Structure formats: structure tokens, C-alpha cells
Student: 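Quick one: the structure is below, and I'll ask about it shortly.
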Amino acid sequence: MSEQTMTTMTTTPTYLLVHGAWHTGECWERVVPLLASAGHRVFAPSLTGHGDKAHLLSPEVGLDTHVEDLVRLITEEDLSDVILVGHSYAGLVISATANQVPDRIAGLVYLDAMVPEDGETAVDVMPVTQHLIELAAKSDTDWRIPPLPEMPPPFGLFGVTDPADVAWLRTLLSDQSVRCYQQPVRLDNPAVNAIPRTHIHCVGATPEGITRRPVPAIQPNGTPARVWELPTGHDCMITMPAELADLLLKLG
């Protein structure tokens, strides 16, 4: 877990940054100090099966496991006024987490992320993930999905093209359990609808088959949708950390 803390008032929001599939909490290391230097507590944990918890990966690890990771962290640290930032797959994770502890969440940020409805899986939100599951089924370890391969520029590795950054990112990536994509999100707590949402879209080069659902004009809480854009690839916390931090700080 990565945490940096400065002396703050109790009303200052805490940022909880949640990595997407195949990544670890270390992918946020360029963003964490920028938020912390502005006076915020910042957490960037690795979810079960990744980073310092890679040894815990198993066929039983799924979306529910990752939701439990966050709920446990929030309750054990007694966090409140949390701005939950979910990248990519973690859009599912933050949604389901907010459903369990809505009173502790000040905002949801979908960072180039999957945005589910109640009962949906990752496959429902982004059908291309079914192809990854089918490929895994043909392998000797049918419950593991390896990281996506690097593509020629301008796509790179999750949108990262700088050779040094690509080399570093490769050290963070590891397999994802199929179950993460198959478990449905539960959004059956009406209180979750009151939480403000922000969508940040990475509008650089996007590989074929990767689609993004349109954001409804009105949020679930009845206010106009808030959609921001960054002119970069998917892993914007690596390619545009300062610009991302500036956007996140507008919420705190």
C-alpha cells in the first residue's frame, strides 16, 4: 500500500486510487505525491492478486474480493470523505464499494473506466473482455488472463509509448483472474445514487474493439454530468500525472 500524509483538516477529502486490471498500486506513484503535497491523505493499494499481494492470486479471486479489499481498508483506517478513483476495470470495483459504504464516499471518479449498472459484469460493460476469457479457456491455466501485449505506436502498452516508461510498466503487470470479469456489480443501495460522479476520459489513440459507453447527461443524483478529457493514452497516471492530479484536486 502506498500512503502519503500531510497535516490536514478533518474535512479534507482522502483520495483512494484504485488500479485497473493487471496493474498494481505502484502505477500511481507519480500522482500520489502531487495530491499529498496539496494536503490530502492518499492511498493507492494493490488489489488481491497484484503487487505485494500477487501470491494470493487464485481462481477464487474476483470482483467481490477486490471490493472487500477496499471496504476493509476504508473501515480499518476509518476513512470518510473519500474520493474513490477507479481506473479501467476498477470502475466496477469503486461502484460496488460505494454501494457498501456510501456514507464514507464523497465522490466517484471513473478514470477511463468501466461504468456498470446494477447486476452487470465487465463483459456486459465492455464485451471485448469475453474474447480474453475465451483465449484463457484454451490455455493450461484457464482461470488466468495475461496482460495485454504491447502494440505498435501510437497505442503502446496501455497507451504508454516512452521506452523507459514501458519497461517500468512491464515490471508492474501480472495476470488477472477470469472471475474478476464474471462477477456482477451490486448497486442496490439507493444511497449510492446521491454520490457525485466525475468521468475522466483518455482521448488519445484507442485500439480497435475498445469502446466507451456514452455518459448520460444527468448523473444519478440529478445534477449535470461532469466529463473531463486528457489527450493521452489509457494509463494517464503514467503519461500525464500532473495533469491528472490537477483534475483530481478540483474535486477536493
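As the structure is a computational prediction, the values presented were derived from the model and not from experiment.
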Student: Would you call Phe158 and Trp22 a side-chain contact if the rule is heavy atoms closer than 4.5 Å?
Tutor: yes
Student: Is the backbone N or O of Asp162 less than 3.5 Å from a side-chain atom of Asp165, with the two atoms forming a donor-acceptor pair by type?
Tutor: no
Student: Identify the two heavy atoms, one from Ala225 and one from Gln219, that lie closest to each other, and give their separation to 0.1 Å.
Tutor: CA-CG, 3.8 Å
Student: Taking atom CD of Glu208 as the centre, does the number of heavy atoms from other residues, nucleotides or ligands within less than 6.0 Å exceed 12?
Tutor: no
Student: Is there side-chain contact between Asp81 and Thr12, with heavy atoms separated by less than 4.5 Å?
Tutor: no
Student: Spell out, as yes or no, whether a donor-acceptor pair under 3.5 Å connects the side chain of Asp112 to the backbone of Cys202.
Tutor: yes
Student: Let me confirm one number: the CG-CZ distance from Leu16 to Arg104, rounded to the nearest 0.5 Å.
Tutor: 12.5 Å
Student: Within the 4.5 Å heavy-atom criterion, are Leu79 and Ile74 side-chain neighbours or not?
Tutor: yes
Student: Locate the shortest heavy-atom distance separating Pro13 from Ile83; write the atom from each residue and the value.
Tutor: CB-CD1, 3.8 Å
Student: Does the side-chain contact (heavy atoms from CB on, under 4.5 Å) test come out yes or no for His201 and Val227, once each step is laid out?
Tutor: CA-CA 7 Å; His201 294 163; Val227 182; 3.7 Å; yes
Student: Can you check whether Thr223 reaches Pro196 side chain to side chain, under 4.5 Å on heavy atoms?
Tutor: no
Student: Quick check: closest heavy atoms across Val185 and Leu187, and the distance to 0.1 Å?
Tutor: CG1-CG, 3.6 Å
Student: Can any side-chain N or O of Glu150 pair as donor or acceptor with the backbone N or O of Leu157 at less than 3.5 Å?
Tutor: no
Student: If I take atom CG from residue Leu108 and atom CD1 from residue Ile94, how far apart are they, to the nearest 0.5 angstrom?
Tutor: 5.0 Å
Student: Counting distance only, does the side-chain N/O of Thr141 pair as donor-acceptor with the main-chain N or O of Trp143 below 3.5 Å?
Tutor: no
Student: Closer than 3.5 angstrom, by distance alone: can the side chain of Asn99 be matched with the main-chain N or O of Asp188 as a donor-acceptor pair?
Tutor: yes
Student: How far does CD1 of Ile238 sit from CD of Glu26, to the nearest 0.5 angstrom?
Tutor: 10.5 Å
Student: Quick one: are Leu47 and Lys53 in side-chain contact, heavy atoms under 4.5 Å?
Tutor: no
Student: Give the cluster check for Val85 versus Leu73: same hydrophobic cluster or not, with ILVMFWY residues linked at side-chain heavy-atom distances below 4.5 Å.
Tutor: yes
Student: Looking only at heavy atoms, which two atoms of Ser95 and Tyr110 are closest? And how far apart?
Tutor: OG-OH, 2.7 Å
Student: Between atom CG of Leu111 and atom SG of Cys236, what is the distance when rounded to the nearest 0.5 Å?
Tutor: 4.0 Å
Student: Are Leu230 and Trp228 grouped together when hydrophobic residues (ILVMFWY) are joined by side-chain heavy atoms under 4.5 angstrom apart?
Tutor: yes
Student: Between Ser139 and Asp142, do the side chains contain a donor N or O and an acceptor N or O under 3.5 Å apart?
Tutor: no
Student: So do the side chains of Ser88 and His234 get within less than 4.5 Å of each other, counting heavy atoms only?
Tutor: yes
Student: Check whether Glu120 reaches the backbone of Glu117 with its side chain - one donor and one acceptor, N or O, closer than 3.5 Å.
Tutor: yes
Student: Does a donor on one side chain and an acceptor on the other come within less than 3.5 Å for Ser46 and His19?
Tutor: no
Student: For residues Thr198 and Arg226, is any side-chain donor paired with an opposing acceptor at under 3.5 Å?
Tutor: yes
Student: In Å and rounded to the nearest 0.5 Å, what is the CG to CE distance from Asp124 to Met126?
Tutor: 12.0 Å
Student: Say whether Leu56 and Val61 are linked into one hydrophobic cluster, either directly or through other cluster members, by side-chain heavy-atom distances under 4.5 angstrom.
Tutor: no
Student: Can you measure from CG (Leu35) to CH2 (Trp28) and round to the nearest 0.5 angstrom?
Tutor: 9.5 Å
Student: When you compare the side chains of Thr239 and Thr232, does any donor N or O come within less than 3.5 Å of an acceptor on the partner?
Tutor: yes
Student: Which heavy atom of His66 sits nearest to which heavy atom of Cys180, and what is that distance?
Tutor: CE1-SG, 3.5 Å
Student: Take the angle between the ring planes of His23 and His87 and call it parallel below 30°, perpendicular above 60°, tilted in between.
Tutor: perpendicular
Student: Ignoring hydrogens, what is the shortest heavy-atom contact between Gln176 and Tyr89? Give both atom names and the distance.
Tutor: NE2-CE2, 3.6 Å
Student: Please report the C-alpha distance between Val109 and Leu251 in whole Å, then the side-chain angles of each, then the deciding distance to 0.1 Å, and finally whether the side-chain contact (heavy atoms from CB on, under 4.5 Å) criterion is met.
Tutor: CA-CA 9 Å; Val109 180; Leu251 305 173; 3.4 Å; yes
Student: Decide whether a cation-pi geometry holds between Arg30 and Trp168; the criteria are a distance under 6.0 Å from NZ or CZ to the six-membered ring centre and an angle within 45° of the ring axis.
Tutor: yes
Student: Are Leu249 and Leu244 linked, directly or through other ILVMFWY residues, by side chains that come within less than 4.5 angstrom of each other?
Tutor: yes
Student: Begin with the C-alpha distance, continue with both residues' side-chain angles, and end with the deciding distance and a verdict on side-chain contact (heavy atoms from CB on, under 4.5 Å) for Ile200 and Glu229.
Tutor: CA-CA 5 Å; Ile200 302 177; Glu229 295 182 346; over 6 Å; no
Student: If Ile, Leu, Val, Met, Phe, Trp and Tyr residues are connected whenever their side-chain heavy atoms lie under 4.5 Å apart, and connections chain through other members, are Leu135 and Val128 in the same group?
Tutor: no
Student: Under a 4.5 Å cut-off applied to non-hydrogen side-chain atoms, are Val115 and Arg197 in contact?
Tutor: yes
Student: Side chain of Gln183, backbone of Leu63: donor and acceptor closer than 3.5 Å?
Tutor: yes
Student: For side-chain contact (heavy atoms from CB on, under 4.5 Å), just list the numbers for Ile145 and Asp175, CA-CA rounded to whole Å, side-chain angles, deciding distance to a tenth of an Å, and then say yes or no.
Tutor: CA-CA 5 Å; Ile145 300 178; Asp175 292 356; over 6 Å; no
Student: How about Leu17 and Cys27: do any of their side-chain heavy atoms sit closer than 4.5 Å?
Tutor: no
